[in-house]
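Both counts, for ligands and for their atoms, begin at 1 and track the order of listing. Hydrogens, waters and symmetry mates play no part in the numbers below; they use all other heavy atoms, side chains included.
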Amino acid sequence: MITFKNVTKTFENGTEAIKGIDLHIKKGKLVVIIGPSGCGKTTTMKMINKLIHPTSGVIAIDGKDISGQKEVELRRSIGYVIQRIGLFPHMTIEENVALIPKLKGFKKEAYKEKVDELLKLVGLEPSLYKNRYPLELSGGQQQRVGVVRALAGEPPIILMDEPFSALDPISREQLQDELKLLQETIHKTIVFVTHDMDEALKIADEIVVMKDGLIEQIATPQELVQGP
Ligand code: ADP
Ligand code: ADP
């Protein structure tokens, strides 16, 4: 569903961040991109929603080259979760989550129900939490809301860039479990960037190992643990 063909990215300052990668990300899979800091994980991810444009090569979604697609339209079908999610502080949890469904013109009754359903999925009882403001929630709870917000517009693809890195170890483990469950329930295509191998082994269907702007290996967690 997402394919990279011989993609490179050289930044204006001459940094060759991506040196030619081929990648197929299958529909409904949770794919983790892992590798040391600076190896090109974030650059790879940001090329999928056109936050960064490749220098050469082709990226296609469902067979359609994204270079010709409008960024706004493309991003409607791609949820994005980053390390510090940045909920809008003056909006309640419900308002934050409903933002994208509203923009997309979903009917109020439909998205109200959706918000409740998603909050329940990540263990936030709607009646207790939806009328609160982000700063009244813990970091882990806010990050759960960030994940829910990315899902609320029902995008087929979700990009997650170190989404749990700022959390304490317990919240982090819980969110990994929840994401895995969520993935088994909703079957979204998820591309997840991390530098933490334990996290990758725990949640991934497939692991893409990057090094120095190249893909070094693509394997399942089992294959990585057992070795060649
Ligand atoms: P990772 O996510 O694996 O830590 P990045 O994709 O962020 O790595 O970065 C890959 C390389 O490209 C690094 O050397 C980084 O410094 C460089 N880089 C990233 N963004 C830019 C940019 N906008 N301009 C110049 N160099 C960049
Ligand atoms: P695009 O491919 O979308 O044009 P750019 O290469 O212009 O993206 O990067 C966007 C901006 O991000 C750059 O202007 C740069 O200032 C900034 N930036 C982000 N990360 C880095 C980095 N590691 N080193 C230098 N600049 C960075």
Are a donor atom and an acceptor atom from the side chains of Asp196 and Thr194 found within less than 3.5 Å of each other? no

Any side-chain heavy-atom pair from Ile48 and Phe4 closer than 4.5 angstrom? yes

Say whether, by atom type as modelled, one donor and one acceptor occur between the side chain of Lys104 and the main chain of Gly153 under 3.5 angstrom. yes

Ignoring hydrogens, just give me the one of Thr43, Ile33, Asp212, Ile52 whose non-hydrogen atom is nearest atom 9 (O) of ligand 1. Thr43

Identify, by atom number and element, the atoms of ligand 1 in contact range of [X], meaning under 4.0 Å from any of its heavy atoms.
| X | value |
| --- | --- |
| Ser37 | 4 (O) |
| Pro36 | 3 (O) |
| Lys41 | 1 (P), 2 (O), 3 (O), 4 (O), 6 (O), 8 (O) |

What residue pairs, at least two apart or across chains, pass side-chain hydrogen bond (donor to acceptor under 3.5 Å, both in side chains) with a residue in residues 18-28? Lys19-Asp212, Lys27-Asp62

Candidates Val208, Ile2, Leu30 - the one meeting side-chain contact (heavy atoms from CB on, under 4.5 Å) with Val191: Ile2

If we only count N/O pairs under 3.5 Å, is [X] in contact with ligand 1?
| X | answer |
| --- | --- |
| Ala17 | no |
| Cys39 | yes |
| Thr44 | no |

Does Asn13 approach ligand 1 within less than 4.0 angstrom via side chain, backbone, both or neither, non-hydrogen atoms only? side chain

What donor-acceptor contacts under 3.5 angstrom involve side-chain atoms of residues 156-170, with partners at least two apart or in another chain?
from   : atom 1 : to     : atom 2 : distance (Å)
Asp161 : OD2    : Thr42  : OG1    : 3.1
Glu162 : OE1    : Ser165 : OG     : 2.6
Glu162 : OE1    : His195 : ND1    : 3.3
Glu162 : OE2    : His195 : N      : 3.4
Glu162 : OE2    : His195 : ND1    : 2.8
Ser165 : OG     : Glu162 : O      : 3.3
Asp168 : OD1    : Ser171 : OG     : 2.7
Asp168 : OD2    : Ile170 : N      : 3.2
Asp168 : OD2    : Ser171 : N      : 3.0
Asp168 : OD2    : Ser171 : OG     : 3.3

